[in-house]
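Model, not experiment: these values are computed from the prediction.
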Amino acid sequence: MTGTAGVTGTAGVKGGRVEVGGAVLPYDVHGGDGRPRLVLVCGQGMTRAMWQLTVVPALVEAGLQVLCYDQRGAGDASAPPGPYSVPRLAEDLLALLRRLGWDRTGLAGVSLGGMVGEYLAALRPDVVTRAALIASTSVPTAFQRAYAEARSSSRSDAVNRLLELLITVSAEDLRDDTPMARTGLSFITRRGGYPDGFHDQGRAGDEWLVRADRHALWDKIDVPCLLMAFEYDLLLPPEAVRQAAGLIRDARFEMIRDVAHANALIKATDRIGEILADFFLG
């Protein structure tokens, strides 16, 4: 593993890039040394800027040192050819933590990032002290199976735009063709096509979402967990997340109202930040 670490950037933020497993991952560390540590793990196609523009300021103000990074295939990270998998993405994170000397840390991940957190909470409790699994962990649903099958059958931009729209705005907004629905579609369309890294991340998440042995992995989780759901999330619906929380020994369930899977960090920044700060510092 090669790369640079510990470069000080704007306003005391430390950042750098590391090479792990054939991928180059950029990262930033917010908040001073000596604080409780928290790593934030991105969802599919998401960049660390989303964390930085939403919950990071509140988490740092609350007293945490926060690490954000781009996963392979997204943002400023390189996108080596797939296939990707949740264990592969977890190994990337472990290598980054070793490089930075983060022997123990809390972890919060959203969607695909929460799946990485789920894996590490079960298998590496020596590293992960507690985990917030945000819109990532649930008992299986029919929509999950249909969603994963649709994405695996086509890399068409049109198909992926439709699937992304379904998890970005609520079913009520789509039914009533509200400004939220129209704006959501406009944003998704104007952003452009979906690169190979997006699809490779998606395949990793979809395979994890529908795997049959997740319950066996949950049995191994002994660290405290927070399972967070969003009221209008079709992909990880609240009741399915609540049921999963009941199957994990030391798990707490929270639901954020009036948001869907892909718009929650923007629409409910303050509430999500408050819940995370309470969980990791309370």
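- Under a hydrophobic-cluster definition in which Ile, Leu, Val, Met, Phe, Trp and Tyr are linked whenever side-chain heavy atoms come within less than 4.5 Å, directly or via other members, Y232 and L174 are assigned to different clusters.
- Using a 4.5 Å cut-off on side-chain heavy atoms (C-beta onward), Q71 and Q201 make contact.
- In this structure D200 satisfies the side-chain hydrogen bond (donor to acceptor under 3.5 Å, both in side chains) test together with R155, sequence neighbours excluded.
- Between L236 and T137 there is no side-chain heavy-atom pair separated by less than 4.5 Å.
- Side chains of V66 and R37 form no contact here, defined as non-hydrogen atoms less than 4.5 Å apart.
- Rounding to the nearest 0.5 Å places CG of L227 at 6.5 Å from OG of S136.
- For the pair L93 and V39, the tightest heavy-atom approach, listed with the atom from each and the gap, is CD1-CG2, 3.9 Å.
- The line from CZ of R271 to CD1 of I275 is 3.5 Å long, rounded to the nearest 0.5 Å.
- Side chain of E231 to main chain of I256: no donor-acceptor pair is present (N/O by atom type, distance under 3.5 Å, no hydrogens or angles).
- At least one donor-acceptor pair under 3.5 Å links the side chain of N160 to the backbone N or O of S156.
- Taking CG of L89 as the start and CD of E91 as the end, the distance is 10.5 Å to the nearest 0.5 Å.
- The side-chain heavy atoms of M46 and L265, taken from C-beta on, include a pair separated by under 4.5 Å.
- Judged purely by distance below 3.5 Å, without hydrogens or angles, the side chains of S138 and Q144 pair a donor atom with an acceptor atom.
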Next on the checklist: Applying salt bridge (charged side-chain N to carboxylate O under 4.0 Å, His left out) to R48 and D76, what does each step give before you reach the verdict?
Outcome noted: CA-CA 9 Å; R48 67 195 192 281; D76 296 324; 3.4 Å; yes
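- Residues L67 and L38 fail the side-chain proximity criterion, which asks for heavy atoms closer than 4.5 Å.
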Next on the checklist: Under the criterion side-chain contact (heavy atoms from CB on, under 4.5 Å), I'd like the reasoning laid out for L163 against R151: C-alpha separation, chi angles, the key distance, then a yes or no.
Outcome noted: CA-CA 8 Å; L163 293 173; R151 293 217 304 181; 3.2 Å; yes
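- A side-chain hydrogen bond (donor to acceptor under 3.5 Å, both in side chains) check over residues 80-89, counting only residues at least two apart or in different chains, returns the pairs R88-D92.
- V60 and L53 are assigned to two separate hydrophobic clusters, defined by single-linkage of ILVMFWY side chains at heavy-atom distances under 4.5 Å.
- Using a 4.5 Å heavy-atom cutoff, the side chains of R203 and S152 are in contact.
- Salt-bridge check for E164 with R161: failed, with every basic side-chain N at 4.0 Å or more from each acidic carboxylate O.
- What you find for V139 and H215 is that their closest heavy atoms are CG1-NE2, 4.2 Å.
- Between L59 and A277, the shortest heavy-atom contact is CD2-N, 3.8 Å.
- In this structure, T168 and H261 have side chains that are not in contact, with every pair of non-hydrogen atoms separated by 4.5 Å or more.
- Taking the charged nitrogens against the carboxylate oxygens, R211 and D206 have no contact shorter than 4.0 Å, which rules out a salt bridge.
- Other residues, nucleotides and ligands contribute at most 12 non-hydrogen atoms within 6.0 Å of the CE atom of M180.
- Atom OG1 in T183 sits 11.0 Å away from atom CD1 in I188 (nearest 0.5 Å).
- Tracing side-chain contacts under 4.5 Å through hydrophobic residues (I, L, V, M, F, W, Y), one never reaches M228 starting from L209; they form parts of separate clusters.
- With salt bridges taken as basic N to acidic carboxylate O contacts below 4.0 Å, one links D177 and R182.
- Around the CZ atom of R175, the shell of radius 6.0 Å holds more than 12 heavy atoms that belong to other residues, nucleotides or ligands.
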Checklist entry - Does the side-chain contact (heavy atoms from CB on, under 4.5 Å) test come out yes or no for N263 and F230, once each step is laid out? => result CA-CA 10 Å; N263 67 8; F230 305 138; over 6 Å; no
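- When side chains are defined from C-beta on, K14 counts as touching D33, because their heavy atoms get closer than 4.5 Å.
- Here CZ of R99 is found 10.0 Å from CD of E19. Values are rounded to the nearest 0.5 Å.
- When all heavy atoms of D233 and A135 are compared, the pair lying nearest together is OD2-CB, 3.7 Å.
- Criterion: ILVMFWY side-chain heavy atoms under 4.5 Å apart, direct or through other members. Under it, V55 and V13 are not part of a common hydrophobic cluster.
- For S153 (side chain) and A150 (main-chain N/O), a donor-acceptor pair under 3.5 Å exists by modelled atom type.
- Closest heavy-atom contact between S78 and A23: OG-CA, 3.3 Å.
- For the pair R104 and D126, the salt-bridge criterion is not met [side-chain N within less than 4.0 Å of a carboxylate O].
- One finds the CG atom of L120 at 14.0 Å from the CE atom of M115 (value rounded to the nearest 0.5 Å).
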Next on the checklist: With side-chain contact (heavy atoms from CB on, under 4.5 Å) as the criterion, how do L25 and V20 come out once you've worked through the C-alpha distance, each side chain's angles and the decisive distance to 0.1 Å?
Outcome noted: CA-CA 7 Å; L25 310 181; V20 298; 3.5 Å; yes
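- When every heavy atom of A251 is checked against every heavy atom of A245, the shortest pair comes out as CB-O, 3.4 Å.
- A cation-pi arrangement is found for R130 relative to F279, the charged atom lying closer than 6.0 Å to the ring centre and inside a 45° cone about the ring normal.
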Next on the checklist: Would E118 and L217 count as a side-chain contact (heavy atoms from CB on, under 4.5 Å) here? Give the steps.
Outcome noted: CA-CA 8 Å; E118 177 186 324; L217 195 70; 4.2 Å; yes
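- In E149, the CD atom is not crowded: 12 or fewer heavy atoms of neighbouring residues, nucleotides or ligands sit closer than 6.0 Å.
- A salt bridge links E239 with R242: at least one charged nitrogen is closer than 4.0 Å to a carboxylate oxygen.
- The existence of a salt bridge linking R252 and E254 is confirmed by a sub-4.0 Å separation between a basic side-chain nitrogen and an acidic carboxylate oxygen.
- Tracing side-chain contacts under 4.5 Å through hydrophobic residues (I, L, V, M, F, W, Y), one never reaches Y27 starting from V110; they form parts of separate clusters.
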